[in-house]
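The model shown is predicted, which means the values in this text are computed figures rather than measured ones.
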Amino acid sequence: MLVEVKKVKISVTVPVEKVEEVRSAMCEAGAGIIGNYSFCTTSTKSIGTFIPNENAKPYIGSGNKLEFVEEEKLEAVCDLSKAKQVVTKIRQSHPYEEPAIDIIPLLDEKNLVNLVK
């Protein structure tokens with residue numbers, strides 16, 4: 001069974017004070033287009049944790065100490081052809097050294113007929 005992936009969902013956690021900046025970067029790079037609508041995103045509030053080691057240059061917190069950060073998980077769909085450009089813009093606009101970015105392949109509804117027998 002061969003399924004062609006044309007769209008992905010890109011998600012990233014962002015400190016709340018930077019959500020609008022990252023959202024704009026993602027959408028201006030081509031994410032968040034659904035039919036006749038643009039800037040289609042969703043976000044969920046969350047608490048992120050991390051411990052920066054001695055080599056880290058954290059945006060928030062200090063080395064070797066557990067940090068708790070109010071974040072939002074920002075998500076948008078994206079054409080596969082634009083995904084690399086969107087991820088690049090996320091990295092450029094995101095304050096973290098290593099943002100956690102998920103890229104999830106999406107199935108088109110038309111392919112469901114071929115998958116379910």
Side-chain angles (χ1 to χ4, degrees):
M1 148 181 42
L2 182 62
V3 176
E4 184 180 3
V5 173
K6 295 181 180 179
K7 291 192 178 286
V8 295
K9 182 183 285 186
I10 299 177
S11 65
V12 60
T13 54
V14 184
V16 293
E17 69 272 10
K18 294 290 187 174
V19 169
E20 293 312 315
E21 184 177 335
V22 175
R23 182 189 326 271
S24 291
M26 289 174 71
C27 292
E28 289 168 6
I33 297 172
I34 301 176
N36 294 322
Y37 298 85
S38 62
F39 271 71
C40 300
T41 66
T42 188
S43 62
T44 307
K45 293 193 182 292
S46 64
I47 301 294
T49 64
F50 61 93
I51 299 174
N53 69 24
E54 60 278 348
N55 297 318
K57 296 175 185 74
Y59 169 71
I60 298 168
S62 56
N64 296 311
K65 180 180 175 234
L66 179 61
E67 300 291 340
F68 294 83
V69 181
E70 187 177 342
E71 296 177 319
E72 289 190 31
K73 180 179 181 182
L74 184 58
E75 300 177 294
V77 297
C78 177
D79 286 342
L80 184 59
S81 63
K82 304 253 180 175
K84 187 170 178 71
Q85 179 178 327
V86 170
V87 169
T88 297
K89 292 298 183 180
I90 290 170
R91 291 190 185 284
Q92 289 172 352
S93 62
H94 203 291
Y96 294 171
E97 287 179 276
E98 295 289 333
I101 301 170
D102 296 331
I103 303 169
I104 303 164
L106 299 175
L107 296 177
D108 188 293
E109 286 180 61
K110 293 179 275 186
N111 289 325
L112 294 177
V113 173
N114 298 327
L115 295 175
V116 180
K117 299 213 181 213

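- Residue Cys78 holds its SG atom at 12.5 Å from NZ of Lys9, rounded to the nearest 0.5 Å.
- For residues 78-110, the ring-ring contact (aromatic ring centres under 6.0 Å, His included) pairs, not counting sequence neighbours, are His94-Tyr96.
- The CD1 atom of Ile60 sits 10.0 Å away from the CD atom of Glu70 when rounded to the nearest 0.5 Å.
- Under the side-chain hydrogen bond (donor to acceptor under 3.5 Å, both in side chains) criterion, the residue pairs touching residues 50-64 are Glu17-Tyr59, with sequence neighbours excluded.
- Note: the hydrophobic cluster containing Val5 does not contain Val77 (ILVMFWY, side chain heavy atoms under 4.5 Å, direct or indirect links).
- Connection of Ile51 to Ile47 is established within a shared hydrophobic cluster, with ILVMFWY side chains joined at heavy-atom distances below 4.5 Å, either directly or through further cluster members.
- With sequence neighbours excluded, the residues forming a side chain to side chain donor-acceptor pair (under 3.5 Å) with Glu20 are Arg23, listed by chain and number.
- Residues Cys40 and Ile34 approach most closely at CB-CD1, 3.8 Å, considering heavy atoms.
- Linking ILVMFWY residues whenever their side-chain heavy atoms come closer than 4.5 Å, directly or via other members, places Ile103 and Leu74 in the same cluster.
- In plain terms, the two heavy atoms of Glu97 and Pro58 that are nearest each other are OE1-N, 3.9 Å.
- For the pair Pro52 and Ala56, the tightest heavy-atom approach, listed with the atom from each and the gap, is CB-CB, 3.6 Å.
- Across every non-hydrogen atom of Cys27 and Thr41, the tightest pair is SG-CG2, 3.7 Å.
- In this structure, Leu80 is a member of the same hydrophobic cluster as Ile10, with clusters built from ILVMFWY side-chain heavy atoms closer than 4.5 Å.
- Atom OG of Ser46 sits about 8.5 Å away from atom NZ of Lys73, to the nearest 0.5 Å.
- Ile101 and Ile104 fall into different hydrophobic clusters, defined by Ile, Leu, Val, Met, Phe, Trp and Tyr side-chain heavy atoms under 4.5 Å apart, directly or through other members.
- A distance-only check finds no donor-acceptor pair linking the side chain of Glu75 to the backbone of Ser11 [under 3.5 Å].
- In terms of heavy atoms, Ala76 sits closest to Gly32 at CB-N, 3.9 Å.
- For Glu98, the CD atom sits in a loose shell: 12 or fewer heavy atoms of surrounding residues, nucleotides or ligands are nearer than 6.0 Å.
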Pair Val16-Glu72, side-chain contact (heavy atoms from CB on, under 4.5 Å): steps then yes or no: CA-CA 6 Å; Val16 293; Glu72 289 190 31; 3.9 Å; yes
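- The only member of Glu21, Glu28, Met26 that meets side chain to side chain contact (heavy atoms under 4.5 Å, CB included) when paired with Ser93 is Glu21.
- Of all non-hydrogen atoms in Lys82 and Ala29, the two that sit nearest each other are CD-O, 3.9 Å.
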